[in-house]
Amino acid sequence: MTTTKSYINKLMHDRKSVRKYEANFKIPQSELEELLVEATTAPSSSNLQPWRFLVIQDEEVKKDLRLIANNQEQVETASAIIAVLGDTEMYNNAEEVYTKNFELGYMDEATKNMMIENSLKLYPNLPKEILKNIATFDAGLISMQIMLLAKDMGYDTVTMGGFNKEAFAERFELTDNLVPIVLIAIGKAAASAYGSSRLALNDIAKFI
């Protein structure tokens with residue numbers, strides 16, 4: 001029996017990694033802002049939302065970034081590059097996050113106070129590497145939402161992990177708590193994406 005695929009299923013299959021972009025096409029900043037706001041509905045560890053973004057639109061800056069990103073053409077030709085960063089001091093937002101949850105009626109005051117206290121007790125004492133891993137995991141979640149939402153808006157994307165993160169941090173003067181994680185090129189495709197195969201379910205999943 002055949003069934004009609006849901007919209008989200010179709011969107012997932014339509015989204016492909018595109019590396020050729022119309023260099024003269026520019027996405028309005030208001031749409032990029034809307035995209036990021038919607039993407040922040042992604043889940044995060046303890047709801048501390050460690051993602052930060054550097055949205056690069058300036059043509060000269062993109063040329064600099066291309067050198068940092070292994071000379072990948074799409075860095076320069078895409079409408080924008082969304083650099084997804086992770087904040088390893090995400091716990092500094094605990095009071096703001098949980099106070100807002102309380103004000104919106106998502107939790108009572110006792111829960112708010114407990115969550116703030118627990119977050120400020122746990123996270124600052126974790127090793128930097130663990131905090132980086134948490135931020136990286138959460139950045140992956142929101143990056144996927146960015147790409148799906150972009151496709152829904154009629155744009156194409158490709159993620160890039162292959163760039164010099166040390167050089168990136170230096171070029172953009174990142175503070176020590178901000179970790180560059182991935183670059184997402186976004187724009188209008190100038191050529192179709194290549195298809196890609198996937199491993200068989202039997203090779204990757206075990207049901208017990």
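The other residues sharing a hydrophobic cluster with Leu141 are Phe137, where clustering joins ILVMFWY side chains under 4.5 Å apart.
Under a hydrophobic clustering in which Ile, Leu, Val, Met, Phe, Trp and Tyr are joined whenever their side-chain heavy atoms come within less than 4.5 Å, directly or via other members, Met90 and Met115 fall into the same cluster. The hydrophobic cluster containing Met147 does not contain Met160, counting ILVMFWY residues as joined when their side-chain heavy atoms lie under 4.5 angstrom apart, directly or transitively. Taken together through direct or relayed side-chain contacts under 4.5 Å among Ile, Leu, Val, Met, Phe, Trp and Tyr, Phe25 and Tyr21 form parts of separate hydrophobic clusters. A continuous path of Ile, Leu, Val, Met, Phe, Trp and Tyr side chains, each step under 4.5 Å between heavy atoms, connects Ile142 with Tyr155, placing both in one hydrophobic cluster.
Partners of Lys10 according to the salt bridge (charged side-chain N to carboxylate O under 4.0 Å, His left out) rule, which considers only residues two or more places apart in sequence or in another chain, are Asp14. Remark: Leu120 pairs with Ala94, Ile116 by the side chain to side chain contact (heavy atoms under 4.5 Å, CB included) rule, at least two apart or across chains. Taking the salt bridge (charged side-chain N to carboxylate O under 4.0 Å, His left out) definition, one finds that Lys128 meets it with nothing, sequence neighbours left out. Qualifying salt bridge (charged side-chain N to carboxylate O under 4.0 Å, His left out) partners for Glu129, counting only residues two or more places apart in sequence or in other chains: none. In this structure, the salt bridge (charged side-chain N to carboxylate O under 4.0 Å, His left out) partners of Lys151, at least two apart in sequence or on a different chain, are Asp156.
Counting non-hydrogen atoms of other residues, nucleotides and ligands closer than 6.0 Å to NZ of Lys16 gives a total above 12. Other residues, nucleotides and ligands contribute more than 12 heavy atoms inside 6.0 Å of the CD atom of Glu22. Shown here is Gln57, whose CD atom has more than 12 heavy atoms of other residues, nucleotides or ligands within 6.0 Å. For CD of Glu89, the number of neighbouring non-hydrogen atoms (other residues, nucleotides, ligands) closer than 6.0 Å is greater than 12. The neighbour count for Asn125 CG, taken as heavy atoms of other residues, nucleotides or ligands under 6.0 Å away, is above 12.
The distance from atom CE of Met107 to atom OG1 of Thr99, rounded to the nearest 0.5 Å, is 9.5 Å. Residue Lys100 holds its NZ atom at 8.5 Å from CD of Glu103, rounded to the nearest 0.5 Å. Taking CE from Met12 and OG from Ser6, the interatomic distance works out to 8.0 Å, rounded to the nearest 0.5 Å. If you take CD1 on Ile134 and OH on Tyr91, they are separated by 11.0 Å, rounding to the nearest 0.5 Å. Rounding to the nearest 0.5 Å places OH of Tyr7 at 14.5 Å from NZ of Lys5.
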Ignoring hydrogens and angles, write down the donor-acceptor pairs under 3.5 Å from the side chains of residues 165-176, residues two or more places apart or on other chains.
| residue | atom | partner | partner atom | Å |
| --- | --- | --- | --- | --- |
| Lys165 | NZ | Gly161 | O | 3.0 |
| Arg171 | NE | Asp64 | OD2 | 3.2 |
| Arg171 | NH2 | Asp64 | OD2 | 3.1 |
| Thr175 | OG1 | Asn177 | OD1 | 2.6 |

For residues 178-203, dump all side-chain donor-acceptor pairs below 3.5 Å to protein atoms at least two apart in sequence or in another chain.
| residue | atom | partner | partner atom | Å |
| --- | --- | --- | --- | --- |
| Ser196 | OG | Arg198 | NH1 | 3.1 |

Side-chain donor-acceptor contacts of residues 35-42 below 3.5 Å, not counting sequence neighbours, with atom names and distances?
| residue | atom | partner | partner atom | Å |
| --- | --- | --- | --- | --- |
| Thr40 | OG1 | Val37 | O | 2.6 |
| Thr41 | OG1 | Glu38 | O | 2.9 |
| Thr41 | OG1 | Gln145 | NE2 | 3.1 |

Residues 67-83, side-chain donor-acceptor partners within the protein, below 3.5 Å, at least two apart:
| residue | atom | partner | partner atom | Å |
| --- | --- | --- | --- | --- |
| Asn70 | ND2 | Gly162 | O | 2.9 |
| Asn71 | OD1 | Arg66 | NE | 2.9 |
| Gln72 | OE1 | Gln74 | NE2 | 3.1 |
| Gln72 | NE2 | Ala69 | O | 3.1 |
| Gln72 | NE2 | Gly162 | O | 3.1 |
| Glu73 | OE1 | Lys20 | NZ | 3.0 |
| Glu76 | OE1 | Arg66 | NH1 | 3.0 |
| Thr77 | OG1 | Glu73 | O | 3.3 |
| Ser79 | OG | Ile27 | N | 2.7 |

Distance-only check: which donor-acceptor pairs under 3.5 Å involve side-chain atoms of residues 45-56, not counting sequence neighbours?
| residue | atom | partner | partner atom | Å |
| --- | --- | --- | --- | --- |
| Ser45 | OG | Asp138 | OD1 | 3.4 |
| Ser45 | OG | Asp138 | OD2 | 3.4 |
| Ser46 | OG | Tyr123 | OH | 2.6 |
| Asn47 | OD1 | Gln49 | NE2 | 3.3 |
| Gln49 | NE2 | Asn47 | O | 3.1 |
| Arg52 | NH1 | Gln49 | O | 2.8 |
| Arg52 | NH2 | Asp87 | OD2 | 3.2 |

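The stretch residues 111-122 participates, sequence neighbours left out, in these side chain to side chain donor-acceptor pair (under 3.5 Å) pairs: Asp108-Thr111.
Taking the charged nitrogens against the carboxylate oxygens, Glu60 and Lys63 do have a contact shorter than 4.0 Å, which makes a salt bridge.
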